[in-house]
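For reference, the structure is listed below as structure tokens.
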Amino acid sequence: MKKLAGVVVILALAAAGFTGVAYWSGMQAERWYQDALAEGSKNPNIKFTTVSYERGLLSSRSVTRVQFALPEGSASKETDPSFSIRQNIYHGPLPLAGWNAPEVPMNWGGAVVRATLDPDSSAWTRELAKLYGGQEPIVAISQVSFDGASDTLIKMPPLTLSNVSDLQSLNFAGLQGQFQVAPRGAAVRGRMTVANLDLTGKPTAGEGQPASGGDTVKLSNLSLDVNQRKGIFNLMFGETSFRIGELRVQAQATDTPVVATNLTIATTESPQGAQQIAADLVIKADQVSAENRSGSGSLRLALRNLDGATVLQLQQWQQKLAGKPDDPQAMDDLLKLIKALLIGKPEFTLDTQAKLSEGAWQGKLVLNFQDFDMMNSMRNPMGLLAMLEKGLADFTVSRALLETELNHLTEGQAAQQIEGVTAAGFLRLEGDQYKSTARFEGGKLFVNDKEIPLPAAGESASPEEEAPLAPEGGAEEPAQQ
């Protein structure tokens, strides 16, 4: 009997301890929730607000409104993308209150949060819930550790539709995603994938003609990858990339689709020393086919020597502007920030490459900026050149590619157009490639080492001061036939 009483006492103490930990976990979960809202609200284009939060002993419930900052009058109730999220928060150390909830894992931790869309929160969520019938359109299960770190699994079930609104058919293979967030949002890492998404619009009849097949868009092997971590000035650094294995678009009136394979858009932010940061954007495709032409290409945009403190202030300025779009002080504040950014002499680089069946193209533009007297220079557009310390533009294009493109644009007059530009010294032919180099330095512009006169700041270009069509002693204008 004494042993039984001892067991009962131990079980009672264990239950009391578990209840106490669950209550503490509930308070922690609410704090984590508030921290997550504060972190999300740092994005100036999105506002998170709590509609309701009901904390219980073993679980809590909340409704969160996600409001997008849009220009006034740009969205009606039918087009407003804002929505609400319903969250069931099951307190740790074991989420016993969620034992019968779908997909809630019984793992040790601070809490488990099951989030879904509120179907009645907007026009589009009501429509999405209607299309999915009895299924939840999206579910996110987050396991929150005692230190506030989280591991979130996101799922959207497949969806197949026919003859809905402007769509003849839709085939969505579903979405899978998983993201890990470190305590206090210090790092984010994850991946989201969609196997395929196919849409076919309803056919439209042309004037006096019967309707044919509708426009189609097919995407396969979509993925989003994020790997970022907080660094200097509390800014996020790392990589984010979006990839489409194949994109196929065909308009109703055309026989040949536009096809792109391995289309990738990637951004990278990185610290550059103790005070400056750098950012890169790369867009590339292994193959693009359109109108019986195909090739590959890439575009890279890079920013260097950006003052980190000023970039942070620019983000804060954007947040302030989102809350007060009519603030009369906003433009003055922006000009001050731009001037502060120019003190660090930022550099802009644009690098493009393309390989087509007719030939190849390669171009690069580098601009180096500097601080300048903004108020005086803005009185005349040419005065803005004072912000440019130096610049270099260089491009090379195969002869066949340039002549083919110009023939399309000038109705077969490519040879005459190229001859005039070459005679003026703006283009040179080396072997089977056309090349040109432009250089700006010390307030002077040179094209292929030939100076091009520029109007002085505060002056307007007169006909006599405009760049000549040909250098002195250059080729004469061809006689009329």
Side-chain angles (χ1 to χ4, degrees), residues 36 40 43 45-46 48 63-66 68 79-88 98 101-105 112-144 150-162 164-181 185 187-201 216-228 238-249 260-267:
N43 185 331
N45 300 312
I46 305 177
F48 294 87
V63 177
T64 306
R65 185 69 178 171
V66 183
F68 292 88
T79 61
D80 187 356
S82 304
F83 61 99
S84 296
I85 302 172
R86 293 177 178 175
Q87 294 160 300
N88 289 319
E103 302 170 327
V104 172
V112 174
V113 181
R114 187 178 191 276
T116 60
L117 287 175
D118 182 350
D120 298 321
S121 60
S122 67
W124 72 266
T125 55
R126 283 190 291 272
E127 183 63 23
L128 188 63
K130 179 181 176 182
L131 295 176
Y132 267 100
Q135 295 186 89
E136 292 175 310
I138 184 169
V139 176
I141 305 293
S142 300
Q143 299 183 62
V144 184
S150 64
D151 188 344
T152 301
L153 180 67
I154 304 172
K155 289 186 178 181
M156 288 187 70
L159 181 64
T160 301
L161 301 172
S162 60
V164 175
S165 186
D166 295 331
L167 291 176
Q168 179 174 303
S169 64
L170 179 145
N171 182 17
F172 173 53
L175 178 148
Q176 298 274 346
Q178 188 163 9
F179 293 88
Q180 293 86 36
V181 181
V188 179
R189 185 174 184 176
R191 178 177 175 85
M192 192 158 53
T193 61
V194 174
N196 67 273
L197 173 61
D198 301 340
L199 304 96
T200 302
T216 62
V217 178
K218 295 185 177 182
L219 305 100
S220 62
N221 297 325
L222 289 83
S223 62
L224 172 69
D225 291 271
V226 178
N227 187 1
Q228 294 189 330
E239 300 177 355
T240 301
S241 63
F242 176 67
R243 180 179 176 274
I244 302 175
E246 181 178 274
L247 166 65
R248 182 179 295 267
V249 180
T261 57
N262 292 330
L263 176 62
T264 304
I265 303 173
T267 61

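Values in this document were obtained by computation on a predicted structure and should not be read as measured data.
Residues Met156 and Gln176 have side chains not in contact (no heavy-atom distance under 4.5 Å, counting atoms from C-beta outward). The side-chain heavy atoms of Leu117 and Leu128, taken from C-beta on, include a pair separated by under 4.5 Å. Using a 4.5 Å heavy-atom threshold, the side chains of Leu170 and Thr160 count as separate. At least one side-chain heavy atom of Ile138 sits under 4.5 Å from a side-chain heavy atom of Ile154. Looking at heavy atoms from C-beta onward, Leu197 lies in side-chain contact with Leu199 at the 4.5 angstrom threshold. In this structure, Arg248 and Thr216 have side chains that are not in contact, with every pair of non-hydrogen atoms separated by 4.5 Å or more. Counting only heavy atoms from C-beta outward, the side chains of Ile141 and Val112 approach each other to under 4.5 Å. At a threshold of 4.5 Å between non-hydrogen side-chain atoms, the residues Ser165 and Glu127 do not count as touching.
Atom CZ of residue Arg65 and atom OG of residue Ser122 lie 6.5 Å apart, to the nearest 0.5 angstrom. Atom CZ in Arg189 sits 11.5 Å away from atom CD in Gln178 (nearest 0.5 Å). The CD1 atom of Ile85 sits 6.5 Å away from atom CZ of Phe48, with the distance rounded to the nearest 0.5 Å. Atom CD1 in Ile265 sits 7.0 Å away from atom CD1 in Ile244 (nearest 0.5 Å). Taken from OH in Tyr132 to CZ in Phe172, the straight-line distance is 5.0 Å, to the nearest 0.5 Å. Atom CD of Gln180 and atom CG of Asp151 lie 4.5 Å apart (nearest 0.5 Å).
At distances below 3.5 Å, at least one donor-acceptor pair connects side-chain atoms of Thr125 with backbone N or O atoms of Pro119. Without hydrogens or angle criteria, Thr152 side chain to Ser142 main chain gives no donor-acceptor distance under 3.5 Å.
Of all the heavy atoms in Gln168 and Gly201, the pair that sits closest is CB-O, 3.7 Å. Taking all atoms of both residues into account, the shortest heavy-atom contact from Val63 to Ser84 is CG1-CB, 4.2 Å. Between Leu159 and Leu131, the closest heavy-atom pair is CD1-O, 3.7 Å. Looking at every heavy atom in both residues, Pro157 comes nearest to Gln135 through CB-OE1, 3.4 Å.
Residue-environment remark: CG (Asp166) stays at or below the threshold of 12 foreign heavy atoms within 6.0 Å.
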Mind running side-chain contact (heavy atoms from CB on, under 4.5 Å) on Val194 and Asn196 for me, showing each step along the way?
CA-CA 6 Å; Val194 174; Asn196 67 273; 5.9 Å; no

Stepwise side-chain contact (heavy atoms from CB on, under 4.5 Å) test for Val139 and Glu103
CA-CA 9 Å; Val139 176; Glu103 302 170 327; 3.7 Å; yes

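Every salt bridge (Lys or Arg N to Asp or Glu O under 4.0 Å) that Glu136 has, sequence neighbours left out, goes to Arg114. Scored by the salt bridge (Lys or Arg N to Asp or Glu O under 4.0 Å) test, Asp225 finds Arg191 as partners (sequence neighbours excluded). With sequence neighbours excluded, no residue satisfies ring-ring contact (aromatic ring centres under 6.0 Å, His included) with Phe179. The salt bridge (Lys or Arg N to Asp or Glu O under 4.0 Å) test applied to Asp118 returns Arg86, not counting sequence neighbours. In this view, Ala101 and Tyr90, Val104 satisfy the side-chain contact (heavy atoms from CB on, under 4.5 Å) rule, not counting sequence neighbours.
Ring planes of Trp124 and Phe83: perpendicular class, angle over 60° (limits at 30 and 60°).
Listed by first and then second residue, the side chain to side chain donor-acceptor pair (under 3.5 Å) pairs involving residues 238-247 are Gln228-Thr240, Arg243-Asn262 (not counting sequence neighbours).
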